[in-house]
Amino acid sequence: MLGIEHPVVQGGMQWVGLAELASAVSNAGGLGIITALTQPTPGDLLKEIERCREMTDKPFAVNLTILPTIKPVPYDDYAQAIVDSGVKIVETAGRNPEPYLPRFKAAGIKIIHKCTSIRHSLKAQKIGCDMVSVDGFECAGHPGEDDITNLILLPLAARRLKIPFLASGGFGDGRGLAAALALGADGINMGTRFMATKEAPIHQNVKQKMVDASELDTSLIYRTLRNTARVFKNSVAEQVLEIEAQPGQTKFEDIQPLVQGLKGRELFDDGDLDKGIWSAGMVVGLIDDIPSCEELITRIVDEAEEIIQQRLGNMLNA
Ligand code: NAD
């Protein structure tokens with residue numbers, strides 16, 4: 001459906017999903033994703049898509065995330081830019097994408113909707129999405145409020161969905177890919193793991209910090225606001241949690257100066273790891289090197305093939 005060689009899709013990461021990374025993933029046979037809101041205007045998004053086209057002739061997608069933001073976002077204009085760009089795959093996330101579907105469908109665009117629950121996946125199927133990306137509690141960024149891990153979500157998705165689906169959250173190696181396929185998914189979506197690659201357009205300090213981290217190094221912030229986000233556990237995340245732990249309802253204004261996305265962008269640029277927050281999933285515990293996207297995808301696919309043919313095959317033949 002996506003016209004890609006390997007069942008590996010790059011997550012739509014704010015400030016990270018630039019043409020450099022998206023084209024590297026697509027050139028390696030996966031599906032690279034440009035993040036729409038990383039571009040300051042819809043016009044800049046069009047230019048970024050053009051830049052990506054100059055770097056790859058393989059398919060790539062654009063992510064459009066619809067969640068609360070500090071500055072209002074002209075979602076409609078971003079959606080129109082995606083249509084005008086001629087890109088043929090879009091990943092929507094955050095909220096029901098129904099208002100944009102007629103336009104996307106009329107342009108022949110395949111829609112992958114990212115969902116953190118089965119009920120939202122079923123709704124996405126009902127409204128005509130072509131595929132869903134099922135995002136378990138392990139994931140980076142916004143895992144929703146249900147806290148269901150992929151060992152439960154993925155088999156449920158396999159039982160209930162008729163459309164294909166990707167497994168997202170906690171994936172970073174060939175064992176994960178083989179497990180996702182066994183659980184019924186058609187491929188995996190990886191965000192955090194692609195941040196620790198040579199082509200990810202972020203500071204080396206961030207990549208190295210994720211290599212050094214363990215599975216215990218993420219925090220869940222904004223729980224009190226019902227906009228939960230899993231981020232790397234740094235001093236800023238801990239300050240946010242302290243504010244949220246105070247009695248009474250947390251006001252977003254109390255934490256806004258700490259969490260604004262622009263600080264996260266600066267952190268990615270200058271490598272000052274306590275400047276802001278950045279999204280990271282539990283999979284940081286499985287990251288111990290910084291390969292190229294090509295090396296990473298090849299390794300994951302080879303490892304998964306070996307597990308399926310050798311380890312699992314031998315169990316059947318034993
Ligand atoms: P931003 O600077 O506008 O906001 C920073 C963070 O605060 C975001 O997580 C946002 O959801 C949250 N936020 C903003 N206003 C809020 C409110 N009134 N109540 C509760 N939470 C609020 O956002 P950004 O960092 O520039 O990111 C742009 C978009 O990308 C946002 O929609 C954000 O949620 C999304 N995003 C998603 C992920 C992910 O992993 N899924 C990661 C980073 C950002």
Side-chain angles (χ1 to χ4, degrees), residues 9-18 21 33-42 44-45 61-75 78-79 90-97 112-117 120 132-145 166 168-171 189-195 200-202 206 210 218-232 234 236-237 239-241 243-244 249-269 275-284:
V9 174
Q10 173 222 320
M13 296 170 278
Q14 178 71 337
W15 313 125
V16 187
L18 298 175
L21 181 60
I33 296 196
I34 289 178
T35 314
L37 302 193
T38 296
Q39 297 303 319
T41 67
D44 291 305
L45 175 60
V62 176
N63 163 285
L64 184 64
T65 294
I66 312 161
L67 281 169
T69 49
I70 293 171
K71 278 203 326 204
V73 173
Y75 291 110
Y78 277 98
V90 70
E91 180 196 58
T92 53
R95 204 180 297 161
N96 184 339
I112 309 172
H113 185 57
K114 183 167 265 197
C115 306
T116 56
S117 71
H120 294 157
V132 289
S133 186
V134 176
D135 215 10
F137 186 52
E138 302 89 337
C139 74
H142 297 277
E145 310 301 327
L166 301 169
S168 177
F171 295 99
N189 176 295
M190 306 194 301
T192 306
R193 176 62 265 202
F194 276 121
M195 289 173 73
I202 57 175
V206 182
M210 293 199 299
T218 69
S219 300
L220 290 170
I221 61 171
Y222 315 143
R223 285 245 97 155
T224 57
L225 301 168
R226 290 193 63 77
N227 186 31
T228 301
R230 187 182 295 284
V231 297
F232 197 88
N234 65 1
V236 182
Q239 284 176 65
V240 174
L241 289 177
I243 296 171
E244 289 194 84
Q249 175 61 42
T250 312
K251 290 201 215 63
F252 182 67
E253 297 78 66
D254 297 338
I255 56 174
Q256 177 172 324
L258 294 167
V259 302
Q260 47 188 304
L262 284 174
K263 289 252 180 80
R265 167 166 244 178
E266 282 173 33
L267 180 159
F268 283 156
D269 284 345
K275 191 166 243 177
I277 50 159
W278 86 84
S279 298
M282 288 178 172
V283 76
V284 285

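Residues take their numbers from the sequence shown, with the count starting at 1. Every number for a ligand or one of its atoms is a count from 1 in the order of the listing. No hydrogens, no waters, no symmetry mates; every other heavy atom, side chains included, goes into these values.
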Could you find the nearest protein heavy atom to atom 3 (O) of ligand 1 and give me its residue, atom name and distance? I70 N, 2.7 Å
Between Y222 and F252, how do the two ring planes meet: parallel, tilted or perpendicular, split at 30° and 60°? perpendicular
Could you check atom 10 (C) of ligand 1 against the protein and tell me its nearest heavy-atom contact, residue, atom and distance included? P68 O, 3.2 Å
S279 neighbourhood, listing ligand 1 atoms whose heavy-atom distance to it stays under 4.0 Å: 40 (O), 42 (C), 43 (C)
Counting both backbone and side chain atoms, is some N or O of T65 under 3.5 Å from an N or O of ligand 1? no
Give the numbers and elements of all ligand 1 atoms closer than 4.0 Å to a heavy atom of W15. 26 (O)
What protein heavy atom sits nearest atom 38 (C) of ligand 1, and how far away is it? H142 CD2, 4.0 Å
Heavy-atom donor-acceptor pair, W15 side chain to I202 backbone, under 3.5 Å: no
May I ask you to check whether Y222 has an N/O atom sitting below 3.5 Å from an N/O atom of ligand 1? yes
One finds that the ligand 1 atoms under 4.0 Å from a non-hydrogen atom of V259 are 5 (C)
Protein heavy-atom partner closest to atom 29 (C) of ligand 1 - residue, atom, separation in Å: L37 CD1, 3.9 Å
The closest protein heavy-atom partner of atom 31 (C) of ligand 1 is T69 CG2, 3.6 Å
For Q260, take its heavy atoms, then give the atoms of ligand 1 lying under 4.0 Å from any of them. 2 (O)
Is M13 close to F268 at the side-chain level, that is, under 4.5 Å between some pair of heavy atoms? no
Looking at ligand 1, does A140 have a heavy atom less than 4.0 Å from it? yes
For the residue pair L241 and S219, establish whether any side-chain heavy-atom pair is separated by less than 4.5 Å. yes
Backbone of N96 reached by a side-chain donor or acceptor of H113 within 3.5 Å: no
Check each of L258, N234, V259, I277 against Q239 using the side-chain contact (heavy atoms from CB on, under 4.5 Å) test, and report the only one that passes. L258
Is G264 near ligand 1, meaning one of its heavy atoms is under 4.0 Å from it? no
Take E138 and F171, measure what side chain to side chain contact (heavy atoms under 4.5 Å, CB included) needs, and give me the verdict at the end. CA-CA 9 Å; E138 302 89 337; F171 295 99; over 6 Å; no
Find the distance between OG1 (T92) and OH (Y75) and round it off to the nearest 0.5 Å. 12.5 Å
Considering non-hydrogen atoms of the protein only, which is the closest contact for atom 32 (O) of ligand 1, and what is the distance? L67 CB, 3.3 Å
Does an N or O anywhere in L262 fall below 3.5 Å from an N or O of ligand 1? no
Any chance you could measure T35, atom OG1, to L64, atom CG, to the nearest 0.5 Å? 10.5 Å
May I ask you to test the T65-E91 pair for a side-chain heavy-atom distance under 4.5 Å? no
With a 4.5 Å heavy-atom cut-off, do K114 and N63 have their side chains touching? no
Atoms of ligand 1 less than 4.0 Å from Q14 heavy atoms? 24 (P), 26 (O), 27 (O), 28 (C), 43 (C), 44 (C)
Donor-acceptor side-chain pairing of E244 and T250 below 3.5 angstrom: no
Below the 3.5 angstrom mark, is there an N/O of F252, backbone or side chain, next to an N/O of ligand 1? no
Could you list the atoms of ligand 1 found under 4.0 angstrom from a heavy atom of G141? 39 (C), 40 (O)
Tell me whether N227 has any N or O atom under 3.5 angstrom from an N or O of ligand 1. yes
Among G191, G261, G12, which one has a heavy atom closest to atom 2 (O) of ligand 1? G261
